[in-house]
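Take a look at the structure set out below.
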Amino acid sequence: MASLFFLIDCNNFYVSCERVFDPALRGKPVIVLSNNDGCIVARSEEVKALDIPMGAPAFKYRAQIARYGIRVFSSNYSLYGDMSRRVMEVLSRFTPDMEIYSIDEAFVSFPERMAGDAESLAREMKETVERWTGIPISIGIATTKTLAKVANRIAKAFSKHGGIFNLAACRDVDDWLEKVRVEEVWGVGRRHAKTLRSRGIYTARQLRDAPDTWIRRHLTIMGLRLVWELRGISCLPLEEVPPPRKGILSSRTFGRKVETREELEEAVALYASRAAEKLRKHRLLTSCVHVFLTTNPYQEGPHYANAVTISLENPTNYTPELVRVAREGVGRIFKEGYLYKKAGVMLLELSREGMWQPNLFSPPKRTGKERNLMRALDLINRRYGSETVRLATSGLERRWRVNRSHRSPRYTTRWEELPTVK
DNA sequence: TCTGGGGTCCTAGGACCC
DNA sequence: TCTGGGGTCCTAGGACCC
């Protein structure tokens, strides 16, 4: 049975989260920076109007930030994660058929026979989310997910539609697709856009009408699916149950350059601990640890990047074991004489706790004691803040830690940072 | 001086098998 | 003079997403 897809997208999500708790920011230019205060990852409308692009390195725009009095925030993921949970909770009251696609986006679907009510339903969703959470949203409606994305973009670009646009009810779909540039289509990035332009394809409409064989050859099977979706043939179903994770990554750019093996080992020990914590949170075990380090690729001078993958005999989520292996990994790839900028730990080959095959030749050493230790560790860190208790190998001084000089309070997840009403 | 972090999927090519 | 065809599995790298 055919469905109608809604794509719900929070407007300038991180900026909107900051504005909920500081209304003085409304109508003012605001940006939110990535980790280490590196890139601009969210912009208010006022900033978009200044042609400051998404993902730009913040230091290149210092002059404009000062000139226009742009308010700057470091990322506050505790706050954004919690606000996202609230938005999704409100949306889920309208339908069980929902896919949480990212921190600020969700797809929902309704049977096509409800098409007549689609817009009033969307309006109700929008009003409820905005009233209950304070986060403004836009909604795109269409017969496929890719077209719903397009519809959402139109809803955002043309404010006369009041943040809601229903492409399924349009007679002039061709005209609308003509207005959307090919690189704005979901699944077309910089490289594919270039390939398409070289063949004279500039708009979503031209992409929709491109020949299958050429698309298949140059944009792979993914591109072909996307083109079919533009034609209204649904190829991407709603994924209500998230597929099992394939890997868990923890990595950071350093606040300053790191030269010594000891400091790299500290950093990697911390990342391994964090990854192990995520592992336990999802009740998973890993049997493969991937460690990587790299110098700054943007900078002149000798560049070095390397990685190593270490298989474990038995799957585990025990922090000390993973930290030991990760540090060993650093030992294998570290080279003296370079200025390192980033390192990370990736855990692969994940399995569900309690479902792994014991190894015949080396029975597991894991004891109830270890499990209890990890449980206590997680409990303490959840209650008193992360890293209240941690391994000493992850360093005490830690001069390499990230810069985060403009973070707002964690209003909703820390008692001592609750907003005060005057 | 200063350029994020966490994911997914696909393809090409090599090694290996009979 | 003549040197196949059909598979699988693994990995590295590229492209994309937010």
Side-chain angles (χ1 to χ4, degrees), chain A residues 7-14 31-43 52-63 65 72 74-77 80-81 84 99-107 145-146 149 152-153 182-196 215-226 235-236 239 242-257 271 274-275 278 282 288 290 292 294-301 305-309 311 339 341-350 402-406:
Chain A
L7 173 66
I8 295 110
D9 189 328
C10 301
N11 302 345
N12 325 321
F13 182 56
Y14 297 170
I31 58 175
V32 178
L33 305 181
S34 65
N35 263 311
N36 224 7
D37 293 344
C39 297
I40 298 167
V41 292
R43 305 159 297 156
I52 295 179
M54 175 73 173
F59 72 86
K60 285 191 181 167
Y61 289 88
R62 189 156 301 157
I65 289 169
V72 179
S74 306
S75 306
N76 184 343
Y77 288 108
Y80 310 151
S84 170
E99 171 188 343
I100 297 175
Y101 176 68
S102 73
I103 193 164
D104 68 336
E105 278 175 71
F107 288 101
K145 284 170 128 184
T146 306
K149 276 273 201 184
N152 190 284
R153 182 166 281 277
V182 81
E183 63 268 29
E184 296 174 318
V185 173
W186 191 34
V188 179
R190 273 224 313 281
R191 294 302 296 272
H192 284 347
K194 201 175 158 205
T195 309
L196 289 165
I215 294 292
R216 171 70 241 253
R217 184 159 57 239
H218 292 92
L219 268 60
T220 80
I221 189 76
M222 310 272 281
L224 191 59
R225 262 201 294 258
L226 179 167
C235 306
L236 305 169
E239 298 200 24
R245 264 176 195 265
K246 304 256 164 76
I248 287 177
L249 172 68
S250 177
S251 74
R252 282 291 178 282
T253 300
F254 303 131
R256 59 162 186 76
K257 291 181 193 88
Y271 305 155
R274 273 210 280 253
K278 283 190 220 171
H282 292 97
C288 183
H290 181 84
F292 64 89
T294 172
T295 56
N296 190 344
Y298 297 104
Q299 217 148 66
E300 298 288 311
N306 205 351
V308 61
T309 307
S311 286
L339 297 170
K341 188 59 186 164
K342 180 177 180 172
V345 174
M346 207 185 318
L347 305 179
L348 300 159
E349 287 173 23
L350 309 182
V402 296
N403 305 315
R404 207 166 41 179
S405 37
H406 314 282

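Every heavy atom of this structure was used, including side-chain atoms; hydrogens, water molecules and symmetry mates were not.
Residue contacts for Arg256(A): at a heavy-atom cut-off of 4.0 Å it reaches no nucleic acid atom on any strand shown. Among the heavy atoms of the strands, none lies under 4.0 Å from Val402(A). Val32(A) comes within 4.0 angstrom of no nucleic acid atom, judged by non-hydrogen atoms across all strands. When heavy atoms are screened at a 4.0 angstrom cut-off, Ile248(A) is found touching the sugar-phosphate backbone but no base atom. Using a 4.0 Å heavy-atom cutoff across all strands shown, Arg217(A) reaches no nucleic acid atom at all. Among the protein residues, Ser75(A) comes within range of no part of the nucleic acid, since none of its heavy atoms lies under 4.0 Å from any strand. Across all strands shown, Lys257(A) has heavy atoms under 4.0 Å from sugar-phosphate atoms exclusively, and none from any base. Among the heavy atoms of the strands lying under 4.0 Å from Asp104(A) are primed sugar atoms or P, OP1, OP2 only; no base atom is included.
Within 6.0 Å of CZ on Arg191(A) lie no more than 12 heavy atoms contributed by other residues, nucleotides or ligands.
In this structure, the side-chain contact (heavy atoms from CB on, under 4.5 Å) partners of Leu350(A), at least two apart in sequence or on a different chain, are Arg245(A), Ile248(A), Leu279(A), Leu284(A), Thr286(A), Leu347(A). With sequence neighbours left out, Glu183(A) forms a salt bridge (charged side-chain N to carboxylate O under 4.0 Å, His left out) with Arg181(A), Arg197(A). Partners of Leu249(A) by side-chain contact (heavy atoms from CB on, under 4.5 Å), not counting sequence neighbours, listed by chain and number: Ser251(A), Phe292(A), Met346(A). Glu349(A) meets the salt bridge (charged side-chain N to carboxylate O under 4.0 Å, His left out) test with no other residue; sequence neighbours excluded. By the side-chain contact (heavy atoms from CB on, under 4.5 Å) test, Arg216(A) pairs with Ile221(A), Leu224(A), sequence neighbours left out. Taking Arg274(A) as the reference, Glu387(A) meet the salt bridge (charged side-chain N to carboxylate O under 4.0 Å, His left out) condition, with sequence neighbours excluded. In this structure Ala42(A) satisfies the side-chain contact (heavy atoms from CB on, under 4.5 Å) test together with Tyr14(A), Val15(A), Val32(A), sequence neighbours excluded.
Paired regions of DNA chain B, where each region holds three or more successive Watson-Crick or G-U pairs whose two hydrogen-bonding distances fall under 3.5 Å, are B:5-18 with C:5-18.
Running 5' to 3' along DNA chain C, contacts with non-hydrogen atoms of chain A at under 4.0 Å begin and end at dA15(C) to dC18(C).
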